[in-house]
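Take a look at the structure below.
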Amino acid sequence: MQPYQEFLSEILIDEPALRQRIAELGAEISRDYQEADLLLICILRGGLVFMVDLMRRISVPHQIDFMAVSSYGSGARQSGGSVRLTLDLKTDIRGKDVLLVEDIVDSGNTIAYVLEFLQTRQPRSLKVCTLLDKPERRETPVPIHYCGFTIPNKFVFGYGLDLDEYYRNLPFVAVVDTAKYHPTE
Ligand code: IMP
Ligand code: MG
């Protein structure tokens, strides 16, 4: 993998901005879920870094779980349309107040699938918290109850979001300069 400095176009959201906004989201969620039986569900792998930071800003008692989905025959940068479950939850969500934690809502297909699938298990409530929203790319309308940042239609990486599975560890969200990124080298 190329050093990211070679194809980084700009840092879109830096560490202090992420920290500040996630603290605000945590406070908002803590207010809204005071009387609840909150279960945070991280959608792997992109939601991991966000959830680990967000949960430490949530002051009400809650549980966590993980699930994973993938799009049929497409990488993260193509819009899939068809989504399937690759890792199921350990928790019985019936009667629980479920909050999905996602890195980015792009086409909306992933969240639409997950919401429909989880609804059949009869949680008490089911809401969506996404770090990033790219509304220009939406194909399927989905409800977003908590959103960190609305971003333009650019491919981003870092802070959980990958570039061909690399660089999820970066502490900021950055834009790829596609002319300078050479995936096959
Ligand atoms: P969807 O198109 O809303 O179904 O999003 C599918 C998934 O594609 C997201 O959960 C992300 O993991 C990934 N994705 C979408 N846009 C980006 C991006 O700009 N960078 C990295 N991953 C992305
Ligand atoms: Mg994702």
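Everything numeric in this text was worked out from a predicted model, so none of it was measured. Each residue takes its place number in the sequence, starting with 1. Each ligand, and each atom within it, is numbered from 1 in the order the structure gives.
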Tell me the contacting part of E139 for ligand 1: side chain, backbone, both, or neither, using a 4.0 Å heavy-atom threshold, strictly below. neither
Which pairs of donor and acceptor atoms, one on a side chain in residues 10-17, lie under 3.5 Å apart (sequence neighbours left out)?
{"from": "E10", "atom 1": "OE2", "to": "K154", "atom 2": "NZ", "distance (Å)": "3.4"}
{"from": "D14", "atom 1": "OD1", "to": "A17", "atom 2": "N", "distance (Å)": "3.1"}

Compute the minimum heavy-atom distance from F155 to ligand 1 and say whether it is under 4.0 Å. yes
Donor-acceptor contact present, side-chain T140 to main-chain G108, <3.5 Å: no
Only heavy atoms count here, so choose which of L163, T110, I104, L161 is nearest to atom 4 (O) of ligand 1. T110
Contact between ligand 1 and K134 is defined here as a heavy atom of the residue under 4.0 Å from a ligand atom; is it met? yes
Pair R21 + E24: basic N to acidic O under 4.0 Å: yes
Measure across Y33 and V98 and return the closest heavy-atom pair with its distance rounded to 0.1 Å. OH-O, 4.5 Å
Within-shell test, G46 vs ligand 1, heavy atom, strictly < 4.0 Å: no
When you look for heavy atoms under 4.0 Å from ligand 1, do you find them on the side chain of R137, its backbone, both, or neither? neither
If you take the centroid of each ring, where Trp contributes its six-membered ring, are F157 and Y181 closer together than 6.0 Å? no
Could you pull out all donor-acceptor pairs under 3.5 Å where a side-chain atom in residues 51-59 meets a protein atom, sequence neighbours excluded?
{"from": "D53", "atom 1": "OD1", "to": "R56", "atom 2": "NH2", "distance (Å)": "2.6"}
{"from": "D53", "atom 1": "OD2", "to": "Y159", "atom 2": "OH", "distance (Å)": "2.6"}
{"from": "R56", "atom 1": "NE", "to": "V52", "atom 2": "O", "distance (Å)": "2.9"}
{"from": "S59", "atom 1": "OG", "to": "S30", "atom 2": "OG", "distance (Å)": "3.3"}

Counting heavy atoms only, which of V69, D106, I43, T130 is nearest atom 3 (O) of ligand 1? D106
Polar contact flag for V156 and ligand 1 (N/O pairs, less than 3.5 Å): yes
Pair D92 + R121, salt bridge at N-O below 4.0 Å: no
Before signing off on this row, confirm whether V105 and ligand 1 have an N or O atom pair separated by under 3.5 Å. no
For the 3.5 Å polar cut-off, considering only N or O atoms, please tell me whether E102 and ligand 1 meet it. yes
